[in-house]
Amino acid sequence: MADSVVSSSAHSPSRPNGHRPQPVDRVVIRFAGDSGDGMQLAGDRFTASSAIFGNDIATFPDFPAEIRAPAGTVAGVSAFQIHISDHDILTPGDHPNVLVAMNPAALKAHVPDLEPGAAILLNSDAFDERSLQKAGYVADPRTDHSLDSFKVYEVPMTSLTMEAVKPSGTKARDAERSKNFFALGLVSWMYSRPPEPTLEWVAKRFAGNDMVRQANTLAFKAGWNFGETAEIFESAYEVKPAHLPAGTYTNISGNTALAWGVVAAGQLAKLPVFLGSYPITPASDVLHELSKHKNFGVRTLQAEDEIAGVGSALGASYAGALGVTTTSGPGLDLKAETIGLAVSLELPLLVIDIQRGGPSTGLPTKTEQADLLQAMYGRHGEAPVPVLAPSTPGDCFYTVIEAARIALKYRTPVILLSDGYLANGAEPWRIPEVSDLPDLSADVRQASSPNKVLPDGSEVFWPYLRDTETLARPWAVPGTPGLMHRIGGLEKADGSGNVSYDPANHDLMVRLRAQKVAGIARDIPPAEVDDPDGVGGADLLVLAWGSTYGAVQAAVRAVRAGGRRVAHLHLRHLNPFPANLGDVLRAYRKVLVPEVNLGQLRRLVRAEYLVDAEGLNKVSGQPFRREEVQKAILASLGSLGHANGNGASQQGRAG
Amino acid sequence: MTDLAAPTTTRKDWASDQEVRWCPGCGDYSILTAVQLLMPEIGAKREDTVFISGIGCSSRFPYYMNTYGVHSIHGRAPAFATGVALSRPDLHVWVVTGDGDALSIGGNHLLHALRRNVNLTIILFNNQIYGLTKGQYSPTSEAGKVTKSTPFGSLDHPYNPVSLALGAEASFVARTHDMDRKHMMEVFRRAYEHKGAALVEVYQNCNVFNDGAFEAITAKDNRPSMLIPLEHGKPVRFGPQGEKGVVINDQGRAVIVDVAEVGEERLLVHDESRPDPSVAFALSRLANGPHEPTPIGVFRAVERPDYGSLVARQMDEAVAKKGPGDLSALLRSGTTWTVEAGQ
Ligand code: SF4
């Protein structure tokens, strides 16, 4: 990558450390170690100090599924990648410029991803024969020339840390555990991060444990000082603050944004929130976060299983709350029957699915976008459900609010599809003013009086007498005098809601439920294409959804910078689609659909609009890299004009 | 609205306009009548009453009550009802379920509703058969039962619902039967008044697929010698002349004795409020099935904070400690920094 300056300056002749750091415009750093080495914490702290410093950032934590895979093995490696930049960036970066490797396994697992010329900081204390063997090395990579294309810095991090923390009185066994702070201190020096935020955080976080607080502080300082005084680093670097739009920012992950969005939705609708949820990776953090906010009228129930999670949420909605359930793939399977009941009862319900690799238990900690067709169709009978997907961690906040709006206004379950990549990734997020958020309370409209006069003049309540515009049914909450009614999963007579086995009525009700959901298309924004030449101007449209936004947009920008004309349309509403989607798709000669699945959105748009969309598909548990999408775009543009391009392009990158 | 103005109701007010569609002669009718008669007596309000059911013959129950009602999913009524009860402590939530619904497909939810002590009045219609699906054996059917799905006899060991509920440490557990309206109403009243999860097992005759399953103990002539009424504070005795009684033996088991032989003072004095459920459990093991003398009445009624109240208390404490939620402050609760215009 031409814009990485780390590697080029690494070749400059050795010179004493100057006090003026070298400016670079961006850098991608990956911290990697054993899952017990505290790499996620180091990455988190580096992110926080970079965010406070004013860089644009994007992060990608990548941890093993096992709580404790065998120590020292490649399966047990945990990594955290962060991209910091002085300009607006979209992804955590394709190839790290810096790898911090705490042991041979971490080195082995991550070297293939590195940018040529990248810097490798390795913990030389961990490179003994046994550790090399455990990692699967036959020869020591430090001496076999396999790392010749990188700049390798060997730092005895374990022993330096143990020496540094001695004054804290920490026992030898525990002292070693502060080495992540040593690494963090060193990298913080290298990239001129202000040390204060980290030190303040350590002081606060370990306020109750003086020894640990001291040990971590000493280790961090030792790492920092090592960078400054050891003569092995040519220079420190500096990534200047980015020019972000004015405002107050915070660093937010997708799961936190989801939780805050749920709290916000309750406040904006003036409804209590009820979350019924069962712990599951990677969704549990939303349950954890929401459990803290009882003072917002948020009730959380850790249910006995996934079915009870959604069942209690639907019960709460029936009783007048905003019912919410959170889950991931296997949990969505179990919730299917209750989502079907919600379709039949026509009650608001938010189902938040943090997609992960499937099928079955699959890859719990890895990302995938393969639940789209399940969200669309994964219930028996004709059971349409609105489906939405956020595109970035911060967008999770707004997408939940939009999902709640639809659920409340149309009395329907709504499925929101986040994924592991959004859930754990973080970005600087401009905090909105609460007064700028939509007021959802007008959509709640709970019924308070009878709505039907019978021929004999008596006034009664008919639970399935629909609003003529939205086709939503009235929501009469228990406790309301005079509106007692009985509903259930059996087919109901149009209007009265009484059980009905009448064939014509069933046909009508199936169509009404479908029309209601389809009609939401009139109430959502039209698809907005990012095309500098106006709709239909570019030679190719890239159609995408969900968490691929960053990689796709970065790729599109790169292709445009090369002088080619390409458009990007990113969908938030997947069911119903925006009303103008068909027109937009037909305005382009070619449509490319990149997805982290085998082509689920592509299948939907082909079926719906008869467009010959191509796919770019990847299901490795990893998000797209910018260059993969870029390559596919160029290939697709290159094949323009040839009759009958050979269908879906495949994942482009080797190695 | 008329409901507001009418503090007292009659049975008619509690019947919905829907035609009741159980098989003629089904025990469900008498349970419905008992509940509809009870409602005016206890001064319940229709708009504050919710009936939640699962799937099965019994689960049609909510359609026939002029209250709020949901006929939900097979086995899931306790889960759905938990959401209702926790969100709305002001409502009285009933769960109507059957042996297949509550103990087979929905066993997990029943256990957890009882364990958590969710404020629910649960009526379990036990007819020891699957009625709606036309006659397969259920988890309470006796071993060896020949049904459509077990032509050579069922191999399953049955559950005892009362033992099961006591094992989950339910705070209120009772049994009654569909042949005795007065007894049903009294037990339902007690369950209604109990704060927390109340489970009432009702022996219910399915005259189409399992006729006479309880006749040996519930037929009028058999009752005196086959039903053991449990009455709080009284010695456990039965028999036409009260000649039989129950004692707890050295092994902690409940056994039936002749009162004349052991003496009245040795009889077990029934105490519903024992914190430890083991004596109640011993009583629940007295009969191996409804062909032996069987205890009916309230096995256990103890006070334990109900889940909804505990949840509400935590919510109140959170407000008292942190003040009502401030969304703007929440969004700024992490580390923040400001980017000036034109920077
Ligand atoms: S099948 Fe049995 S339980 Fe069901 S309604 Fe008929 S008699 Fe009653």
Side-chain angles (χ1 to χ4, degrees), chain A residues 48 51-52 54 197 241 243-252 260 263-264 267 272 274 276 293-297 299 301 303-305 307-308 311-321 323 337-338 341 345 431-434 478-490 498-499, chain B residues 1-4 16 18 46-53 55 62-63 65-73 76 78-88 90-91 108-109 111-112 311 314-315 317-319 321-325 327-328 330-332 334-343:
Chain A
I52 294 166
H243 298 273
L244 299 170
T248 302
Y249 284 76
T250 193
N251 183 35
I252 203 163
W260 289 1
V263 173
Q267 298 283 301
F274 182 97
H293 302 305
K294 299 196 191 314
N295 60 327
F296 284 88
R299 282 179 177 77
L301 171 71
E304 59 270 25
D305 57 27
I307 298 171
S312 59
L314 184 60
S317 284
Y318 169 72
E337 189 182 12
T338 308
L341 177 65
L345 293 183
I431 301 169
E433 290 304 324
V434 172
T480 316
L483 306 193
M484 289 84 68
H485 63 281
R486 277 66 53 193
I487 52 179
L490 284 171
N498 288 330
V499 174
Chain B
M1 252 157 291
T2 45
D3 299 295
L4 266 184
S16 77
Q18 296 297 295
R46 291 177 297 174
E47 64 268 23
D48 293 341
T49 304
V50 185
F51 279 87
I52 312 284
S53 64
I55 296 294
Y63 288 122
M65 293 297 296
N66 186 16
T67 63
Y68 284 90
V70 178
H71 180 212
S72 76
I73 300 175
R76 315 302 170 207
F80 192 100
T82 295
V84 179
L86 297 191
S87 306
R88 295 287 303 280
D90 58 312
L91 302 173
N108 198 31
H109 306 304
L111 283 185
H112 289 276
V311 169
Q314 273 195 349
M315 308 270 298
E317 281 168 5
V319 174
K321 217 158 97 194
K322 300 203 238 168
L327 183 57
S328 183
L330 172 66
L331 303 184
R332 286 162 178 77
T335 307
T336 64
W337 67 97
T338 303
V339 174
E340 307 293 346
Q343 190 180 319

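In what follows, chains carry the letters A, B, and so on, assigned in the order in which the sequence lines appear, proteins first and then strands, with residues in each chain numbered from 1.
For the atom pair Arg299(A) CZ and Ser87(B) OG, the distance stands at 6.0 Å (nearest 0.5 Å). Considering CD1 of Ile307(A) and CZ of Phe80(B), their distance stands at 15.0 Å, rounded to 0.5 Å. From Ser312(A), atom OG reaches atom NE2 of His112(B) across 12.5 Å, with rounding to the nearest 0.5 Å.
If you tally non-hydrogen atom pairs under 4.5 Å between each of Gly276(A), Pro245(A), Ala316(A), Ala303(A) and chain B, the highest count goes to Ala316(A). The candidate from Val311(B), Thr82(B), Thr336(B), Ile73(B) with the greatest count of non-hydrogen atom pairs under 4.5 Å with chain A is Ile73(B). With chain B as the partner, the residue from Leu490(A), Val263(A), Asn251(A), Val499(A) showing the most heavy-atom pairs under 4.5 Å is Leu490(A). Across Asp48(B), Val319(B), Leu331(B), the residue that shares the most heavy-atom pairs under 4.5 angstrom with chain A is Leu331(B). Residue with the most contacts toward chain B among Gln267(A), His485(A), His293(A): His485(A) (heavy-atom pairs, distance under 4.5 Å). Between chain B and the residues Gly54(A), Ala313(A), Gly489(A), Ala51(A), the largest count of heavy-atom pairs under 4.5 Å involves Ala51(A). For the set Thr49(B), Asp90(B), Leu86(B), Ile52(B), the count of heavy-atom pairs under 4.5 angstrom toward chain A peaks at Leu86(B). The choice from Val50(B), Ile55(B), Thr67(B) that makes the most heavy-atom pairs within less than 4.5 Å of chain A is Thr67(B). When each of Gly488(A), Gly479(A), Pro478(A), Ser317(A) is checked for heavy-atom pairs under 4.5 Å with chain B, Pro478(A) comes out on top. Here His71(B) is the residue among Glu317(B), Lys321(B), His71(B), Met65(B) with the most heavy-atom pairs under 4.5 Å with chain A.
In this structure, the side chain of Tyr68(B) engages the main chain of Thr480(A) through a donor-acceptor pair within 3.5 Å. In this structure, the side chain of Thr250(A) engages the main chain of Thr335(B) through a donor-acceptor pair within 3.5 Å. A donor-acceptor pair is defined here as one N or O able to donate and one able to accept, closer than 3.5 Å; such a pair exists between the side chain of Arg88(B) and the backbone of Ala319(A). Side chain of Arg76(B) to main chain of Gly311(A): no donor-acceptor pair is present (N/O by atom type, distance under 3.5 Å, no hydrogens or angles). No donor-acceptor pair under 3.5 Å is formed between the side chain of Asn295(A) and the backbone N or O of Ala318(B).
If you measure heavy-atom distances from Leu301(A) to chain B, the contacts under 4.5 Å come from the side chain alone. Proximity to chain B is limited to the side chain of Tyr318(A), based on heavy atoms less than 4.5 angstrom apart. Residue Leu345(A) touches chain B through its side chain alone, counting heavy-atom pairs closer than 4.5 Å. Heavy-atom distances place the side chain of Gln18(B), and not its backbone, under 4.5 Å from chain A. Of the two parts of Val70(B), the backbone and the side chain both hold a non-hydrogen atom closer than 4.5 Å to a non-hydrogen atom of chain A. Heavy atoms closer than 4.5 Å to chain A are found in the side chain of Leu91(B), but not in its backbone.
Minimum interatomic distance between Pro481(A) and Glu47(B) (heavy atoms only, all atoms of both residues): CA-CB, 3.7 Å. Considering all non-hydrogen atoms of both residues, Leu330(B) and Phe296(A) come closest at CB-CZ, 3.9 Å.
In this structure, the side chain to side chain contact (heavy atoms under 4.5 Å, CB included) partners of Leu111(B), at least two apart in sequence or on a different chain, are Leu164(B), Ala168(B). Residues passing the salt bridge (charged side-chain N to carboxylate O under 4.0 Å, His left out) test with Glu337(A): none are found, sequence neighbours excluded.
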>> Let's go through His243(A) and Val339(B) carefully: what are the C-alpha distance in whole Å and the side-chain angles of both, what is the deciding distance for side-chain contact (heavy atoms from CB on, under 4.5 Å) to 0.1 Å, and is it a yes or a no?
In response: CA-CA 8 Å; His243(A) 298 273; Val339(B) 174; over 6 Å; no
>> Apply salt bridge (Lys or Arg N to Asp or Glu O under 4.0 Å) to residues Arg332(B) and Glu433(A) and explain how you reach the verdict.
In response: CA-CA 11 Å; Arg332(B) 286 162 178 77; Glu433(A) 290 304 324; 3.3 Å; yes
